[in-house]
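Shown next, in structure tokens, is the structure this report addresses.
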There are 2 protein chains.
Amino acid sequence: MEKLEFKVFFYALGDYSRFMILSSLAKRDMSVGEIVSATSIEQSNVSHHMHCLLNCGFVNVRKNGNKRIYKINGKVKNTVEKITEHIDAYRKDIISCGIANRRYISKVI
Amino acid sequence: MEKLEFKVFFYALGDYSRFMILSSLAKRDMSVGEIVSATSIEQSNVSHHMHCLLNCGFVNVRKNGNKRIYKINGKVKNTVEKITEHIDAYRKDIISCGIANRRYISKVI
DNA sequence: ATACTATATGAATGGACAATCATATTTATA
DNA sequence: TATAAATATGATTGTCCATTCATATAGTAT
């Protein structure tokens, strides 16, 4: 594995807002407005993230009236689900680790 | 899954240097000097990363003379191997994505 | 055409953190 | 005990990027 793949993978998936957006889209296709409602992330911020996710090929988009409906890529859906399962399975270990007590991480809860 | 677990998981694993250190330790236990040789990461930087990884419970340490031998945690080893497999499997998709062309990612290759 | 809704874009700001450098600590050996 | 080897620690710096705010664009309906 080379640095480029690694960086891209962790950059794109490693942001909580983007991961939440992808988790929402794993359930069903959604417009931007629906994503905003589902995630409580502010609209322009969602748009910025969608730009990133489109750029990655992690999502596709189609028009419906003046709405844009986003759809998650099948492989990405699989990855998101696996990571979610993994984190849930190791939840206790992860939470008990010292990193969880660092200021910058604790304060964002 | 909550934000805290997510943040910890991606913070600890999502750094390329730390991931390379963990990949090395997945093969065998190593002293700091051996990690430095294996990864070409500068010594004090390795020590900082080991501090983080110890803090996480991702590695354990034992003394041998004036050396410190680090050992990877079994669960983390499993995670590192799975992520490596995953990235290798989706390598082409990841590389072809627009993110890979961003300045800050391209220039680090 | 106008007003309204939905979404996108651009610029600015602040915070997180990896890497580096210098130095301290620990252990071994002469 | 003095010196050398191995590792850790502290402080600093630069960069990346998520968020926010303000505004632009596009589509719809009246």
Nearest whole angstrom, please: distance from the C1' of C/dT7 to the CG of A/N45.
14 Å
Starting from C1' on D/dT28, measure out to NZ on A/K63 and report it in whole angstrom.
13 Å
Do the side-chain N or O atoms of A/H51 get closer than 4.0 angstrom to the phosphate oxygens (OP1, OP2) of C/dA8?
no
Ignoring hydrogens and geometry beyond distance, is a side-chain donor-acceptor pair present between A/E81 and A/T79 at under 3.5 Å?
no
Could you check whether B/E34 pairs with B/K67 (Lys NZ or Arg NE/NH1/NH2 to Asp/Glu carboxylate O, under 4.0 Å)?
no
Between A/H48 and A/I69, which has a closest nucleotide on DNA chain C that is more 5'?
A/I69
Find which nucleotide of DNA chain D each of A/H49 and B/G33 is nearest to by heavy atoms, and output the residue with the more 5' nucleotide.
B/G33
The side chain of A/K67 lies closest to which of these nucleotides: D/dT19, C/dA6, D/dA22?
C/dA6
B/I99 atom CD1 is separated from D/dC16 atom C1', nearest whole Å, by 13 Å
Residue A/Y11, side-chain atoms from C-beta onward, closest of C/dA19, D/dA18, D/dT7
D/dA18
Test of understanding: clusters of I, L, V, M, F, W, Y form through side-chain heavy atoms closer than 4.5 Å, transitively. Do B/I35 and B/I69 belong to the same one?
no
State whether B/N66 places a side-chain N or O below 4.0 Å from either non-bridging phosphate oxygen (OP1 or OP2) of C/dT26.
no
Out of D/dT7, C/dA22, C/dT9, which has the shortest distance to the side chain of B/S47?
D/dT7
Can you check whether B/S17 has a side-chain N or O nearer than 4.0 Å to OP1 or OP2 of C/dA19?
yes
For D/dT19, does either OP1 or OP2 sit under 4.0 Å from a side-chain N or O belonging to A/Y16?
no
What nucleic acid atoms does A/S31 come within less than 4.0 Å of, heavy atoms only: base, sugar-phosphate, or nothing?
sugar-phosphate
What nucleotide among C/dT26, C/dT9, C/dA19 has an atom nearest to a side-chain atom of A/S44?
C/dT9
So, is A/Y70 close to the C/dA6 phosphate, meaning a side-chain N or O under 4.0 Å from OP1 or OP2?
no
Counting only distance, no hydrogens or angles, is the base of C/dA8 paired donor-acceptor with the side chain of A/Q43 under 3.5 Å?
yes
A/E34 CD to C/dA6 P, in whole Å, measures 11 Å
Quick one: does NZ or CZ of A/R18 land under 6.0 Å from the six-membered ring centre of A/Y11, within 45 degrees of the ring axis?
yes
Any A/R68 side-chain N or O less than 4.0 Å from OP1/OP2 of D/dG27:
no
Send over the distance from A/F10 CZ to C/dC17 C1', rounded to a whole Å.
16 Å
Protein-nucleotide distance (A/M50, atom CE; D/dT19, atom P), rounded to Å:
14 Å
Checking B/R91 against A/F9: charged group under 6.0 Å from the ring centre and within 45 degrees of the axis?
no
